[in-house]
Each structure stands twice: as structure tokens, then as C-alpha cells.
A.B. asks: 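Pasting in a structure now, in C-alpha cells, and then I'll have a few things to ask.
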Amino acid sequence: DREVFSQNRITVTGRAAKDSLLVIQSPLVEVVQKLTSDEFKIPFDLAVGENVITVSVYPQDKTQSKQQKTIRVYYIDEE
């Protein structure tokens, strides 16, 4: 959280139950993907400046609760 990058793309990685619905959102991009394994690695584009990214996981098993994390990263265009 609160990392600074000089490239306009990061990789969002994590672990969640297989077959969960993964949603990654920012003002610039939204990625929705059903997980085929218990780990994920998703390339994600950044806007110049502050990027507030919300990662949500909705398990297929309804006895498990939704997981959500919001991170802030900064992209500084050095060109």
C-alpha cells in the first residue's frame, strides 16, 4: 500500500478460493475474473498520480464471506 511506481502497469497477486469471483477496480480499469486456481496474478494498468484500487473476492461457497482490500499506489511518469 502507498507504493510509488515509474511504470504504468503493475501485477496484482494474491490467494483466494478456487472458483471465486475476483473483481479488481480503479477509476481507470475494472477486471472481473473467475479464479481457476487458489492463486492469481493479474496485470493492471495505472493512471498518472494516485490510484485507489479495490480488490474484492466473492467465494462460490456462500458460507464464506466476501473479502475486500483497498490499496493506494502512485504512478509517476518520469518521461
Side-chain angles (χ1 to χ4, degrees):
D1 198 20
R2 301 200 187 270
E3 295 284 329
V4 177
F5 295 91
S6 60
Q7 295 181 346
N8 68 342
R9 180 172 272 207
I10 61 171
T11 301
V12 178
T13 61
R15 297 178 57 88
K18 182 181 174 184
D19 296 324
S20 294
L21 183 65
L22 173 69
V23 180
I24 306 173
Q25 297 174 296
S26 77
L28 181 66
V29 180
E30 178 177 90
V31 174
V32 178
Q33 183 172 328
K34 185 172 183 178
L35 299 178
T36 57
S37 72
D38 63 351
E39 294 182 350
F40 59 89
K41 204 179 216 186
I42 309 292
F44 199 79
D45 291 333
L46 301 175
V48 173
E50 181 181 54
N51 291 263
V52 179
I53 302 170
T54 303
V55 180
S56 303
V57 176
Y58 301 88
Q60 185 177 29
D61 180 355
K62 300 302 179 203
T63 62
Q64 296 179 348
S65 60
K66 165 187 151 183
Q67 297 175 352
Q68 186 169 330
K69 179 166 178 117
T70 301
I71 59 172
R72 293 177 192 276
V73 297
Y74 300 86
Y75 166 48
I76 307 296
D77 188 2
E78 295 182 343
E79 293 182 9

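In this chain, numbering begins with 1 at the start of the sequence shown.
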A.B. asks: Side-chain heavy atoms nearer than 4.5 Å, only ILVMFWY residues, links allowed to pass through others: does that put Val23 and Val57 together?
C.D. replies: no

A.B. asks: List the steps and the verdict of side-chain contact (heavy atoms from CB on, under 4.5 Å) for Gln68 and Thr54.
C.D. replies: CA-CA 7 Å; Gln68 186 169 330; Thr54 303; 3.3 Å; yes

A.B. asks: Can you tell if the side chain of Val73 reaches within under 4.5 Å of the side chain of Tyr75, non-hydrogen atoms only?
C.D. replies: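 A side-chain contact under 4.5 Å is absent here.
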
A.B. asks: At what distance, to the nearest 0.5 angstrom, does CG of Asn51 lie from CG of Asn8?
C.D. replies: 10.0 Å

A.B. asks: Would you kindly confirm whether Ile76 and Val48 end up in one hydrophobic cluster when ILVMFWY residues are joined by side chain heavy atoms under 4.5 Å apart?
C.D. replies: no

A.B. asks: Please check if Tyr74 and Leu46 belong to a single hydrophobic cluster, counting links between Ile, Leu, Val, Met, Phe, Trp and Tyr side chain heavy atoms closer than 4.5 Å.
C.D. replies: no

A.B. asks: Are more than 12 heavy atoms from other residues, nucleotides or ligands located less than 6.0 Å from atom CD of Gln7?
C.D. replies: no

A.B. asks: Please examine the side chains of Asp19 and Lys34, heavy atoms only from C-beta on, and report whether any two atoms are closer than 4.5 Å.
C.D. replies: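 In short, these two side chains touch, coming nearer than 4.5 Å.
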
A.B. asks: Check Asp38 with Lys18, please: is the shortest side-chain N to carboxylate O separation under 4.0 Å?
C.D. replies: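 Salt bridge: no.
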
A.B. asks: Please give me the minimum heavy-atom distance between Phe40 and Arg15, naming the atom from each residue.
C.D. replies: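 Minimum heavy-atom separation between Phe40 and Arg15: CE2-N, 3.7 Å.
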
A.B. asks: Mind running side-chain contact (heavy atoms from CB on, under 4.5 Å) on Ile53 and Phe44 for me, showing each step along the way?
C.D. replies: CA-CA 10 Å; Ile53 302 170; Phe44 199 79; 3.9 Å; yes

A.B. asks: If the condition is side-chain contact (heavy atoms from CB on, under 4.5 Å), which residues does Lys62 pass it with, not counting sequence neighbours?
C.D. replies: none

A.B. asks: Is Tyr58 reachable from Val31 through a run of I, L, V, M, F, W or Y residues, each pair having side-chain heavy atoms under 4.5 Å apart?
C.D. replies: no

A.B. asks: Apply side-chain contact (heavy atoms from CB on, under 4.5 Å) to the pair Val32 and Leu21, showing each step before the final yes or no.
C.D. replies: CA-CA 7 Å; Val32 178; Leu21 183 65; 3.6 Å; yes

A.B. asks: What distance do Ser56 atom OG and Gln67 atom CD have between them, rounded to the nearest 0.5 Å?
C.D. replies: 10.0 Å

A.B. asks: Closest approach of Leu28 and Ala47, non-hydrogen atoms and distance?
C.D. replies: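 For Leu28 versus Ala47, the nearest heavy atoms are CD2-N, 3.6 Å.
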
A.B. asks: Could you go step by step and tell me if Phe5 and Ile10 meet the side-chain contact (heavy atoms from CB on, under 4.5 Å) rule?
C.D. replies: CA-CA 8 Å; Phe5 295 91; Ile10 61 171; 4.0 Å; yes

A.B. asks: Show the nearest heavy-atom pair for residues Ser20 and Pro59, with the distance to one decimal.
C.D. replies: OG-CA, 3.4 Å

A.B. asks: Any side-chain heavy atom of Val55 sitting closer than 4.5 Å to one from Leu22?
C.D. replies: yes

A.B. asks: If you define the side chain from C-beta out and look only at heavy atoms, does anything of Thr70 sit under 4.5 Å from Val52?
C.D. replies: yes

A.B. asks: With side chains defined as the heavy atoms from C-beta onward, is the minimum distance between Ile24 and Ile42 less than 4.5 Å?
C.D. replies: yes

